[in-house]
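See structure below.
As the structure is a prediction and not an experimental result, all values here were calculated from the model.
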2 protein chains.
Amino acid sequence: MYFYGNFSTMTRSEENYLKAIFHLGGLEHKAVSTNAIADRMETKPSSVTDMAKKLSEKGLVAYTKYKGVSLSKKGSQTALSVIRKHRLWETFLVDKLDFMWDEVHEIAEQLEHIQSEKLIDRLDAFLGFPKQDPHGDPIPSKKGEIQKEYKKLLADVPVATEGICVGVKNSSAPFLRYMDKNSMALGDTIEVLEKEEFDGSLQIKIRNKQIRISNDIATNLFIRPNE
Amino acid sequence: MYFYGNFSTMTRSEENYLKAIFHLGGLEHKAVSTNAIADRMETKPSSVTDMAKKLSEKGLVAYTKYKGVSLSKKGSQTALSVIRKHRLWETFLVDKLDFMWDEVHEIAEQLEHIQSEKLIDRLDAFLGFPKQDPHGDPIPSKKGEIQKEYKKLLADVPVATEGICVGVKNSSAPFLRYMDKNSMALGDTIEVLEKEEFDGSLQIKIRNKQIRISNDIATNLFIRPNE
DNA sequence: AATTAAAATTAGACACGTCTAAAAATATAT
DNA sequence: ATATATTTTTAGACGTGTCTAATTTTAATT
Ligand SMILES: [Mn+2]
Ligand SMILES: [Mn+2]
Ligand SMILES: [Mn+2]
Ligand SMILES: [Mn+2]
C-alpha cells in the first residue's frame, strides 16, 4: 500500500482537536489558546502543545509558540466535515431510531469518525437533507458551507419580544432534560413577559403557559424574534 | 476516573482479534493457531502472541504457549456481539441506504465498533429484526444465539439437486460483483444440471437460464436444497 | 521596574499496538 | 534418531497519544 504526498487520513484524536479548535475559534478562525483547548477536551495543556505541533506539520493549523493555534482552510474544512457527520448522525438517531435529543451526543461522538464519503452522502439523502440537527444547530453542507440563521439568546432580547425557540446553546443532557420536563421544545413560540433585574430571571409565555426561568436557562436558549 | 475490577471496555483491536478467533475456531471454539490469526488479520505472528496474552489476562481466551488460543464463553459472547453489530449495519446500509452488497463490508468494519447497546437494539428494530445479513449470513441475537440454517456448498451437492441460493461463503467485493454481473442473487432457484469431473465446473440453471460456473464459484455459493 | 502569578512549553515517562530479528519449541523429513 | 523446516515466542524497538514535573515565557501586580 503506497501513500502519496498529501494522502491524509485523520486519526480520531486529530479530528477531535480540530473540532474543538473550530468551536473555540468561531467562524473567523480566531487563534485559540492552549489552555482553552485543554479545558474543552478534558486533557492537559502539554498534550495540546504536542498535538498543535503535529497539526501544524500537517498544515491543518497555524501554530506559533505561546500564541495559540488557528485553523487553516484545510483544517476548518476537516473540522466542518466532522461536525457535519456528527449532526447528521444525531439527526438519524432522533428521526429514525427514536432517540431523545439528550441521548444522542455521546453516540454521535463515536459515529462522527466513521470514514466514508459515500456513507454520509447517502445518510444525508436518507434523512431528506436536513438543515438543522436535533438541537437546532446548522448542518454544514458537503462543501463545508454553514448557513447561519438569525437567532439571539433569550437573555439578550428586550422585554415583550416574541419569537420562535430555534436552538439550545448548551446541549448537555441535564439541560435538555430540563426542557423536556418543562414541556419546552424547539419550534415553540416564546414571549418575554418580564425580566427581573436582580437575578436576570425571566417570566415567559411558552405554549400559552406562563413560567419563570432563571438567567442560567435564558442564556442557553436561542430565539428567532418574529420578523 | 476510577475503573473497578472487571470494568471491561474492549478496544477496537481486541474486538477484531476476538472476531478473527471466532471465525477461525468455529462454533465449537476450537483452538486456533497463532499463524492462522496472523494470516487472517494481516498482521505478524509476534503481534498475535502479544494479544493472546492480553486476551488471556482478561479471561476472553484460553491460551497455552505453542498450543494456540480458544475463546472462553465471555470471549465468544463478545465476538458474537461484534458480529451482530457488523451484520446489522451491513443490513442497514443495503436496505436503507441503497448500498450494493459488495460495498458494505469495509464500512461495517468500522461501524461494528460503535459502543452503545441501545443503538444496536434500536437499529435492530428499525430494520425489522432481520435474521440474515445481505450476504445470507445469520445475525446473532442480542443474547448471542446464532441460528444456523441448513445449507450446503453448491460444489458439494449431487447433480440434479435443486434449491435456493441462500448465501455466499466468500463475500469479497470481486466475487459479489461477479454474481451481480451474471444476474445471480440470493433467493434465486438453482439447479445443478451437470458436473465436469476434470475441473469441477458446473452447468447450472439459475433464473431459468443456463450458465456454466467454475469450481471456484461453486465452492463459494451456499444452496438450500429443496427439502 | 521588580515581583508574582498564570500560561505554555519541554523533558522524560508510560500504555498500547505494532514491527523486525533472534531464539526456542514443535513438527517434518531423512 | 538426527537433521531440517516450520511455527511460535521473546527481546528490543518505534509511533501515537497521553501524563507529571520542571522550566520558560508572558501577563498581571505592586
Ligand atoms: Mn452533539
Ligand atoms: Mn447537536
Ligand atoms: Mn462483512
Ligand atoms: Mn456480511
Aromatic contact between A:His105 and A:His86, with the criterion being ring centroids under 6.0 Å apart: yes or no?
yes
Whole-Å distance, A:Lys67 NZ to C:dT9 P, equals 11 Å
Length of the CD1-P vector between B:Ile37 and D:dT7, whole Å:
14 Å
Atom CE of B:Met51 to atom P of D:dT10: distance rounded to whole Å?
16 Å
When we call it a touch if two heavy atoms are under 4.0 Å apart, what does A:Lys53 touch: a base, just sugar-phosphate, or nothing?
sugar-phosphate
Check the distance between D:dG12's C1' and B:Lys44's NZ and give it to me in whole angstrom.
18 Å
Are any of B:Thr49's side-chain N or O atoms less than 4.0 Å away from OP1 or OP2 of D:dT10?
no
Taking only side-chain nitrogens and oxygens of A:Ser33, does any of them come within less than 4.0 Å of OP1 or OP2 of C:dA7?
no
So does A:Asn35 get a side-chain nitrogen or oxygen closer than 4.0 Å to the phosphate oxygens (OP1/OP2) of C:dA6?
no
Are there more than 12 heavy atoms of other residues, nucleotides or ligands under 6.0 Å from atom NZ of A:Lys195?
yes
Presence of B:Thr34 side-chain N/O under 4.0 Å of D:dT9 phosphate oxygens OP1/OP2:
yes
For the pair made of CG in A:Asn16 and P in D:dT16, what is the distance, rounded to whole Å?
17 Å
Below the 4.0 Å mark, does D:dT20 have OP1 or OP2 next to a side-chain nitrogen or oxygen of A:Ser46?
no
Anything under 30° is parallel, anything over 60° is perpendicular, the rest tilted; go ahead and classify B:Trp89 against B:Phe92.
perpendicular
Salt-bridge test for B:Arg122 and A:Asp98: reply yes if a basic N is under 4.0 Å from a carboxylate O, no otherwise.
no
D:dT16 phosphate, OP1 or OP2, under 4.0 Å from A:Tyr17 side-chain N/O:
no
Closer to the 5' end of DNA chain D via nearest nucleotide, is it A:Lys65 or A:Arg12?
A:Arg12
Find out whether A:Leu202 and A:Leu154 are in side-chain contact, i.e. whether some heavy atom of one side chain is under 4.5 Å from a heavy atom of the other.
yes
Take atom CG of A:Asp50 and atom C1' of D:dT16, then tell me their distance rounded to the nearest Å.
10 Å
d(CD, B:Glu14; C1', C:dA15) in whole Å
12 Å
Looking across every strand, which nucleic acid part, if any, lies under 4.0 Å from B:Ser47 by heavy atom: base, sugar-phosphate, or nothing?
base
Once you round it to whole Å, what is the distance between P of D:dA27 and OH of A:Tyr66?
11 Å
